[in-house]
Amino acid sequence: MSMTDPIADMLTRMRNALIASYSTVDIPSSKVKVDIAKVMKSEGFIKNFKIIEDQKQGIMRIFLNTTTRVIPL
């Protein structure tokens, strides 16, 4: 199954996890998503992330900064 917009999917998963008060969220990994996560970490939007290898494309576990405020749409 292919996604139309994987970056929007990543950000939506992160927003939904913050609204639900989760401390981590798992998303399918890609080079672009890892680069975005690096920028988000350096800017303080997330605490950290790590790549979990699997038999497919890999999973990126993002440790959310729970002090980040989310404004629901």
Side-chain angles (χ1 to χ4, degrees):
M1 174 185 200
S2 66
M3 265 184 262
T4 305
D5 191 353
I7 305 304
D9 179 66
M10 172 186 170
L11 297 174
T12 298
R13 288 180 190 222
M14 291 172 64
R15 181 184 67 224
N16 290 343
L18 281 168
I19 290 170
S21 300
Y22 291 168
S23 60
T24 64
V25 63
D26 291 346
I27 61 170
S29 182
S30 74
K31 291 179 183 178
V32 173
K33 291 178 188 177
V34 169
D35 290 340
I36 291 171
K38 287 178 184 177
V39 172
M40 293 181 83
K41 180 181 175 186
S42 70
E43 295 294 325
F45 289 107
I46 62 174
K47 289 182 183 177
N48 205 352
F49 68 94
K50 71 176 180 177
I51 306 300
I52 302 169
E53 297 296 328
D54 65 357
Q55 301 299 324
K56 299 178 184 177
Q57 69 188 38
I59 297 170
M60 182 167 50
R61 179 163 290 155
I62 299 176
F63 299 91
L64 301 169
N65 187 352
T66 55
T67 60
T68 302
R69 296 196 55 181
V70 177
I71 301 171
L73 299 175

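All heavy atoms count here, side chains included; hydrogens, waters and symmetry mates do not.
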Residue pairs fulfilling side-chain hydrogen bond (donor to acceptor under 3.5 Å, both in side chains) with at least one residue in residues 18-32, sequence neighbours excluded:
Asp26-Arg61
Side-chain donor or acceptor of Lys33 paired with backbone N/O of Ile7 under 3.5 Å:
no
Donor-acceptor check, side chain of Asn65 to backbone of Gly44, threshold 3.5 angstrom: yes or no?
yes
Nearest-0.5 Å distance, CG of residue Leu11 to CD1 of residue Ile27
8.5 Å
Check: Phe49 and Val34 side chains under 4.5 Å, non-hydrogen atoms:
yes
Pick one: which of Met60, Arg13, Arg15 meets side chain to side chain contact (heavy atoms under 4.5 Å, CB included) with Val25?
Arg13
To the nearest 0.5 Å, atom CZ of Phe45 lies from atom CD1 of Ile36 at 13.0 Å
Test side chain to side chain contact (heavy atoms under 4.5 Å, CB included) on Lys50 and Ile52 and set out the steps.
CA-CA 6 Å; Lys50 71 176 180 177; Ile52 302 169; 4.3 Å; yes
Least distance between heavy atoms, Met14 atom then Ile46 atom
CE-CG2, 3.5 Å
Linking I/L/V/M/F/W/Y whenever their side-chain heavy atoms sit closer than 4.5 Å, directly or via other members, would Ile59 and Phe63 fall into one cluster?
no
Closest non-hydrogen atoms of Ile51 and Glu53, given as atom of the first, atom of the second and distance, are CG2-OE2, 3.7 Å
Can you list, by chain and residue number, the hydrophobic cluster partners of Val39 when the side-chain cut-off is 4.5 Å?
none
